[in-house]
Protein chains: 2
Amino acid sequence: MSAHTAIAAAQPNRFVPGYLAATMPQSVGGMPKAQRSPAADPLATIAQVKVIDREQSIFAEGDAADAIFRIVDGVIRLYKLLPDGRRQIIGFLQAGDMVGLAFAERYLYSAETVTACTVQRISRSQLDALLDAQPSLARKLLSVTTSELVAAQDQMLLLGRKTALEKLASFLLALSRRTDGNRAIALPMSRSDIADYLGLTTETVSRGFTKLKTSRLIRILDGGKVELLDHDALADLADCA
Amino acid sequence: MSAHTAIAAAQPNRFVPGYLAATMPQSVGGMPKAQRSPAADPLATIAQVKVIDREQSIFAEGDAADAIFRIVDGVIRLYKLLPDGRRQIIGFLQAGDMVGLAFAERYLYSAETVTACTVQRISRSQLDALLDAQPSLARKLLSVTTSELVAAQDQMLLLGRKTALEKLASFLLALSRRTDGNRAIALPMSRSDIADYLGLTTETVSRGFTKLKTSRLIRILDGGKVELLDHDALADLADCA
DNA sequence: CGAGGGTTTGAAGCAGCTCAAATGGAGTGG
DNA sequence: CCACTCCATTTGAGCTGCTTCAAACCCTCG
């Protein structure tokens with residue numbers, strides 16, 4: 001079982017339309033897989049399933065936005081680039097998340113797999129038809145999009161005002177929240193992915209991990225997993241200094 | 001006529017539900033005021049109008065979120081605070097924008113007037129009733145919320161990966177876009193507001209303005225206005241280095 | 001005209017970056 | 001099973017862009 005599967009398994013049926021920003025800090029109600037009836041998921045019936053290798057592009061910023069994707073398994077990163085190559089990762093997406101711009105001609109960011117992924121592809125026209133046929137869907141999507149906006153605002157606070165160590169602590173806690181508060185969390189993405197998500201360099205991320213390790217706040221486990229040894233201390237770090 | 005009125009007049013009927021993030025980089029279609037029929041604005045009929053002084057609180061992070069607000073005139077800032085007082089401004093809002101969390105118990109950020117403002121207050125229960133009565137409203141709100149998310153993602157790129165001067169150039173261009181691309185733009189907010197929006201200090205913002213002035217890219221006008229002398233050069237700065 | 005606030009400018013410090021090298025771990029082939 | 005390669009990660013050392021601290025400037029308003 002690969003690392004990302006562990007994340008995916010704990011992930012409830014999150015549903016994210018349009019732009020998907022930083023999904024990390026979003027708190028989600030836990031609902032066991034068994035309770036999800038297929039009837040409640042009209043998208044599944046029209047989706048086309050694709051399996052994609054790790055580190056592959058799904059679409060790039062500027063491509064015609066003719067489809068949206070829902071992640072069934074695996075981890076995906078969304079990012080924007082500056083002309084000189086500087087990269088900002090907008091979010092890491094997991095099982096249940098949806099990707100793709102709902103109301104624009106072209107994708108405004110790029111999407112790549114971090115791990116091997118299974119995704120559902122839903123064409124734009126099919127989604128539009130579904131929205132027409134089922135007006136309640138829009139309200140549901142509105143609710144989830146609003147949550148995404150909340151997450152994006154948390155990330156703005158992080159990027160604009162937190163120190164490197166505070167950013168790292170926030171990141172780890174957000175991951176922990178996504179996996180139902182588990183102490184051990186999977187980190188399928190590289191240091192450089194984390195750096196580009198937090199507005200840092202890989203070296204600074206690495207030094208931060210070292211500092212958290214020597215402070216006994218975290219412990220590195222096998223398979224790229226991290227154990228949060230002192231949740232409260234990390235929370236203090238994350239919220240402030 | 002106060003400075004903010006100039007911004008407001010150029011502002012079409014933007015409509016922003018739920019969390020309102022950085023609205024700056026959002027491009028909006030221009031529609032003259034005369035074409036807006038009151039019938040197309042069901043919110044206006046149930047809204048309670050309030051006039052608020054400059055530098056006043058509208059609501060604070062953590063307050064019960066029992067109403068949303070639509071700005072009729074003036075400029076408002078939304079921000080989040082860290083426990084030690086560091087502030088990140090999430091966005092500046094203007095006429096047409098809506099503020100207030102649609103699907104949470106409490107506001108997740110604070111809102112304050114920058115200039116004197118006129119706002120419409122719509123209670124949460126009234127909005128919910130309106131959404132039930134008029135399902136198409138949800139889809140419209142979804143569209144606009146998605147635009148907000150796009151703006152938030154642009155701001156993440158700015159905060160995480162741009163230099164001080166690039167941030168300033170981006171900010172000025174975004175303001176210019178909001179006022180239909182006018183060369184002269186109003187800056188009703190203080191240096192410290194701008195700093196907290198761009199993840200900088202007031203001193204760095206001030207030095208940036210000075211550098212843009214001596215480079216002949218901008219010119220300071222009366223009444224806190226700024227004229228963009230070289231739009232293209234600013235655009236080069238904003239997108240990259 | 002004087003007080004009070006925001007803004008600008010100056011000088012010094014430092015958090016995080018850059019450049020560089022060492023370490024380590026996973027995959028590959030002998 | 002080991003040797004080797006490759007590349008991500010870690011560590012080190014110096015640098016720099018932004019911050020911090022401080023003071024001067026300047027506008028507005030009473």
Side-chain angles (χ1 to χ4, degrees), chain A residues 2-3 53-55 77 82 84-88 114-116 158-171 186-215 218-226 237 240-241, chain B residues 2-3 53-55 77 82 84-88 114-116 158-169 171 187-215 218-226 237 240-241:
Chain A
S2 64
D53 255 6
R54 64 189 297 274
E55 298 294 330
R77 65 174 164 258
L82 287 173
D84 66 354
R86 278 173 289 174
R87 181 179 71 156
Q88 179 65 42
V114 175
T115 66
L158 178 146
L159 290 169
R161 287 299 176 215
K162 290 188 180 177
T163 67
L165 216 54
E166 290 166 4
K167 287 175 177 181
L168 255 187
S170 305
F171 175 67
L187 284 184
M189 66 292 287
S190 70
R191 293 286 180 270
S192 128
D193 282 343
I194 297 173
D196 285 348
Y197 182 59
L198 300 178
L200 301 169
T201 59
T202 58
E203 293 94 330
T204 302
V205 169
S206 179
R207 283 183 241 272
F209 271 112
T210 303
K211 194 168 279 183
L212 292 177
K213 271 185 281 185
T214 57
S215 313
I218 66 170
R219 198 158 62 95
I220 305 297
L221 306 178
D222 295 341
K225 288 195 171 178
V226 175
L237 246 185
C240 173
Chain B
S2 64
D53 255 7
R54 63 189 297 274
E55 297 295 329
R77 64 173 164 259
L82 286 172
D84 66 354
R86 279 172 288 175
R87 182 179 69 156
Q88 178 65 42
V114 175
T115 66
L158 178 147
L159 290 169
R161 288 298 177 217
K162 289 189 181 178
T163 68
L165 216 53
E166 290 166 3
K167 287 176 176 180
L168 255 187
F171 175 68
L187 283 184
M189 66 292 285
S190 70
R191 293 287 180 270
S192 126
D193 282 343
I194 298 173
D196 284 348
Y197 181 60
L198 300 179
L200 301 169
T201 60
T202 59
E203 293 94 330
T204 302
V205 169
S206 178
R207 282 182 241 272
F209 271 112
T210 303
K211 194 167 280 183
L212 292 178
K213 271 184 282 184
T214 57
S215 313
I218 65 171
R219 197 158 63 95
I220 305 297
L221 306 178
D222 294 342
K225 288 196 173 178
V226 175
L237 247 184
C240 174

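Small disclaimer: the values here were computed from a predicted structure and weren't measured. Order of the sequence lines fixes the chain letters, A, B, ..., with proteins taken first and strands second; residue numbering starts at 1 for each chain. The figures here come from the full heavy-atom set of this structure, side chains too, leaving out hydrogens, waters and symmetry mates.
Partners of R54(A) by side-chain contact (heavy atoms from CB on, under 4.5 Å), not counting sequence neighbours: none found. By the salt bridge (Lys or Arg N to Asp or Glu O under 4.0 Å) test, R87(B) is found to be paired with D193(B), D196(B), residues two or more places apart in sequence or in another chain being considered.
Rounded to whole Å, atom P of dG24(C) lies 19 Å from atom CZ of F209(A). The distance from atom NZ of K225(A) to atom P of dG25(C) is 19 Å, rounded to the nearest whole Å. When rounded to the nearest whole Å, the span between CD1 of I220(A) and C1' of dA8(D) equals 14 Å. Taking atom CG of residue D222(A) and atom C1' of nucleotide dG25(C), one finds them 12 Å apart after rounding to whole Å. Rounded to whole Å, atom P of dG5(C) lies 22 Å from atom CE of M189(B). Atom pair R191(A):CZ and dT11(D):P shows a separation of 11 Å (rounding to whole Å applied). When the P atom of dG16(C) is taken as reference, atom NZ of K167(A) falls 8 Å away, rounded to whole Å. One interatomic measurement links the two molecules: CG of L187(A) to C1' of dT9(D), which rounds to 13 Å at whole-angstrom precision.
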Can you build the contact string for nucleotides 15-28 of chain D? Use B for base contact, S for sugar-phosphate-only contact, and - for no protein heavy atom under 4.0 Å. ---SBBB-------
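Atom CG of L168(B) is separated from atom CG of L237(B) by 9.5 Å, given to the nearest 0.5 angstrom. Rounding to the nearest 0.5 angstrom, the gap separating the NZ atom in K213(A) from the CD1 atom in I220(A) is 5.0 Å.
In this structure, S190(A) reaches the sugar-phosphate backbone alone: every heavy-atom distance under 4.0 Å involves primed, P, OP1 or OP2 atoms, never a base. Residue-level contact check: T210(A) touches the backbone only, with heavy atoms under 4.0 Å from sugar-phosphate atoms and none from bases.
R86(B) places a side-chain N or O within 3.5 Å of a backbone atom of R161(A) that can act as its donor or acceptor partner.
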Sequence neighbours left out, cut at 3.5 Å: what donor-acceptor pairs do the side chains of residues 198-211 of chain B make with other protein atoms?
residue	atom	partner	partner atom	Å
T201(B)	OG1	T204(B)	N	3.3
T201(B)	OG1	T204(B)	OG1	3.0
T210(B)	OG1	S206(B)	O	3.0

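Taking five base pairs at each end of the helix from dC1(C)-dG30(D) to dG30(C)-dC1(D), the local helix axes there meet at an angle of 30°, rounded to 10°.
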Can you check side-chain contact (heavy atoms from CB on, under 4.5 Å) on V226(A) and L212(A), steps first, answer last? CA-CA 11 Å; V226(A) 175; L212(A) 292 177; over 6 Å; no
Nucleotides 26-28 of chain C: which of its N/O atoms have a protein N/O under 3.5 Å away?
none

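Minimum interatomic distance between V114(B) and E55(B) (heavy atoms only, all atoms of both residues): O-OE2, 3.7 Å.
K167(A) is not listed as a side-chain neighbour of L165(A), based on a closest heavy-atom distance of 4.5 Å or more. L187(B) places a side-chain heavy atom less than 4.5 Å from the side chain of F171(B). In this structure the side chain of K225(A) never reaches within 4.5 angstrom of the side chain of R219(A), judged on heavy atoms.
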